[in-house]
4 protein chains.
Amino acid sequence: MKKNKPKYKQIIDAAVEVIAENGYHASQVSKIAKKAGVADGTIYLYFRNKEDILVSLFQEKMGNFIERIKEDTEQKSNADEKLRTLIEMHFSRLANNYHLAVVTQLELRQSNKDLRQKINEVLKGYLAVIDEILKEGIEEGLFHPELNIKLVRQMIFGTLDEVVTNWVMKEEKYDLISQADAVHYLITNGLKK
Amino acid sequence: MKKNKPKYKQIIDAAVEVIAENGYHASQVSKIAKKAGVADGTIYLYFRNKEDILVSLFQEKMGNFIERIKEDTEQKSNADEKLRTLIEMHFSRLANNYHLAVVTQLELRQSNKDLRQKINEVLKGYLAVIDEILKEGIEEGLFHPELNIKLVRQMIFGTLDEVVTNWVMKEEKYDLISQADAVHYLITNGLKK
Amino acid sequence: MKKNKPKYKQIIDAAVEVIAENGYHASQVSKIAKKAGVADGTIYLYFRNKEDILVSLFQEKMGNFIERIKEDTEQKSNADEKLRTLIEMHFSRLANNYHLAVVTQLELRQSNKDLRQKINEVLKGYLAVIDEILKEGIEEGLFHPELNIKLVRQMIFGTLDEVVTNWVMKEEKYDLISQADAVHYLITNGLKK
Amino acid sequence: MKKNKPKYKQIIDAAVEVIAENGYHASQVSKIAKKAGVADGTIYLYFRNKEDILVSLFQEKMGNFIERIKEDTEQKSNADEKLRTLIEMHFSRLANNYHLAVVTQLELRQSNKDLRQKINEVLKGYLAVIDEILKEGIEEGLFHPELNIKLVRQMIFGTLDEVVTNWVMKEEKYDLISQADAVHYLITNGLKK
DNA sequence: AATGAATGAGACTTCATTCAT
DNA sequence: GATGAATGAAGTCTCATTCAT
């Protein structure tokens, strides 16, 4: 299995660094190879093409992140706590890995439709976790019974995404993780007094 | 003033169409020129370079939209109504102009950091309108007095943006404008029962 | 019409020279452009891709050659004279244009199936001229009435082609045109005493 | 002697199959190795480089074929019969081995000058057999005493080669061997009535 | 003897921009 | 003001060959 060989991860980590430092469009395969310490051709022993590096990067980094969120939220006793956990993990994951945050929030969005489609496939797993929490919250009587799940999921994801993107663009000048509580409060209680 | 000459608007409208139909990366200057009915070189009499077409497109299309939102919201009697109006106008503006929605929600995001920075400049005016409504709502006692304005603005913009993007990606299969009420309710009241 | 613009012919002539001098595989587009005195990109204003240069080269050089053979043979009074004329013209055409001979006899045959298929299309016109002469010769009672036309055409073309190829590979060390008579005699009378 | 080890022939037979199936340019060393059931590196224990595989292929397959033609023709009583035998064997050899025919008539011709030069070395043996028959035929008074041997040899080889190539390109849709008589008649008697 | 992972050179094509007319 | 022919820089990927095991 190629995914378990050391060079596979080496190349992906190099890609994150190179893209974060140079931007999406200035990240040539040769630059990634150099940073990974392999020859250009070696890249193609592990990835079909350049796009495949980026898709794999997203799958690798986000895939197991989604797994961990699923596991950690399942251990919480109610939907509200699960939601809080999800927000905290979402923020801390990216706050602790600035390069990855730059890549996912800014650079990877410059990709073409094809790549974004594949990225969305990965994200579906995350959105499903949110949906699950919402359904549970309704059953538990914590959340409003007539919530439009799809819409709420869009609100939650849109909010988290926008908050992180703003944080990335301000270049780490403030603490992202400490905003989790306020965001959780806003999402659950809204603006009203 | 170049902006008032007919070819200026002709080129911008051609750009919207070409990008919506072909996608960002397949939208060459020559294609835009052809659709606009001018020679390639003529483009450069009205715009400094390709990026300038896109920035101007955003300024032109969003600039006066922001003006109209400002005007319309100011006529409402309280912050809650103003917020509702902003959401409705945001949705209807894009629902009524699918090509423009495709361009702003999907295609223009593939642009590089530079261009997005300039697009953000234009958006600042919009965000300021939201901030104003929020402050007013707090003063009026409608919104929670300790709201973190910047964070709330990110929640609102992130939510609207994500909802519209999802609608665009589903290719108009459902009615966007009719979701305004539910979104307004969610933002003001949150998930809680 | 692109084919009548001076750069079209300039590029084709440059291609013949470059391929004859460097060989098929070492003939980069940039080399052809340089020899033609145009920028690399200009090539693509006149040809779809590299293969199109080669196909056009063959069409251009052979196409009107076939026309001229058709015209000249038609003026001869009988099939035997027509055949002699065809052989003489075939040899003199290539003997007088060594670079072109190298390209058609040696270098262009290294091309892939696709290109050779297109070259064969052009050759069909030539083979049709041969067929016509053969039919006429039979009607005139000059050639054997039961000739298998297709087979004879293959003999004639195979012979001419092999003779020219041998001449090219010997690098012009002997006179090709003066062999026309002997070849004509062989084809019409065979080996027998 | 490497040539007598089983892997040597294994690799050559694999090369014929791979080239016939995939075409010259899509026949990578790794594909040949896979078909032969050996590792890529093993190829280089038996052959100096890729070109050496192809040259050896030609030597191996054509070399003993030429031997057999020499033997069989020598048993015939006169030059005319020898020529007929040569034509029959040339056709039947390739008609009975379609893959080999595809490789020698079509694919191997895409090789570069160097390789073709070496192939021609092998062919020289075949051409010498033809020359011998021609000289004998003149001595026997069967063939015209003033034949230009080199030219006649080119006619014969060019004819046989073109006939086989046409047969290969038509993909075996007709019987090649049965054409031997007609070809023999044409070569010995020419077109004349 | 056999393996197969790793290497790295090399070229076609696109397209934003210019400038002579 | 308008044209459009010409420019030329720049990057992905393939595949023959090597060499440590």
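Scope of the values below: all heavy atoms of this structure, side chains included, with no hydrogens, waters or symmetry mates. The structure displayed is predicted, hence computed values, not measured ones. A note on names: the letters A, B, ... follow the listed sequences, proteins ahead of strands, and every chain is numbered from 1.
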5'-most contact on DNA chain F: D/Val29 or A/Tyr44, nearest heavy atom basis?
A/Tyr44
Within the sub-3.5 Å range, which N or O atoms of nucleotides 7-10 of chain E have a protein N or O partner, and how far apart are they?
{"from": "E/dT7", "atom 1": "OP2", "to": "A/Ala39", "atom 2": "N", "distance (Å)": "3.0"}
{"from": "E/dT7", "atom 1": "OP2", "to": "A/Thr42", "atom 2": "OG1", "distance (Å)": "2.2"}
{"from": "E/dG8", "atom 1": "N7", "to": "A/Gly41", "atom 2": "N", "distance (Å)": "3.2"}

So if I take residues 8-16 of chain A and measure heavy-atom distances to DNA chain E, which residues fall below 4.0 Å?
none
Any donor and acceptor pair, going by atom type alone, linking the side chain of A/Arg116 with main-chain N or O of A/Arg109 inside 3.5 Å?
no
Mind checking which nucleotides bracket the chain A contacts on DNA chain F, 5' to 3', with an atom under 4.0 Å from a heavy atom?
F/dG11 to F/dT14
Between C/Lys61 and C/Ile12, is there a donor-acceptor pair closer than 3.5 Å when you use the side chain of the first and the backbone of the second?
no
Do NZ/NE/NH1/NH2 and the carboxylate oxygens of A/Glu121 and A/Lys118 come within less than 4.0 Å?
no
Can you list, by residue number, the residues of residues 47-57 of chain B that have a non-hydrogen atom closer than 4.0 angstrom to DNA chain E?
B/Asn49, B/Lys50
For DNA chain E, please output the secondary structure as dot-bracket, reading 5' to 3'. Pairs are Watson-Crick or G-U wobble, both atom distances under 3.5 Å; mark crossing pairs with [ ], other-strand partners with |, unpaired with a dot.
.||||||||||||||||||||
B/Lys3 bridged to B/Glu60 by N-O distance under 4.0 Å
no
Would the number of heavy atoms belonging to other residues, nucleotides or ligands and lying under 6.0 Å from CD of D/Glu51 be above 12?
yes
On the 0 to 90° scale, with breaks at 30° and 60°, tag the B/Tyr8-B/Phe47 ring pair as parallel, tilted or perpendicular.
parallel
Let me have the donor-acceptor pairs involving side chains of residues 15-22 of chain C, under 3.5 Å, with sequence neighbours excluded, atom names and distances please.
{"from": "C/Glu21", "atom 1": "OE1", "to": "C/Lys35", "atom 2": "NZ", "distance (Å)": "3.4"}
{"from": "C/Asn22", "atom 1": "ND2", "to": "C/Val18", "atom 2": "O", "distance (Å)": "2.7"}

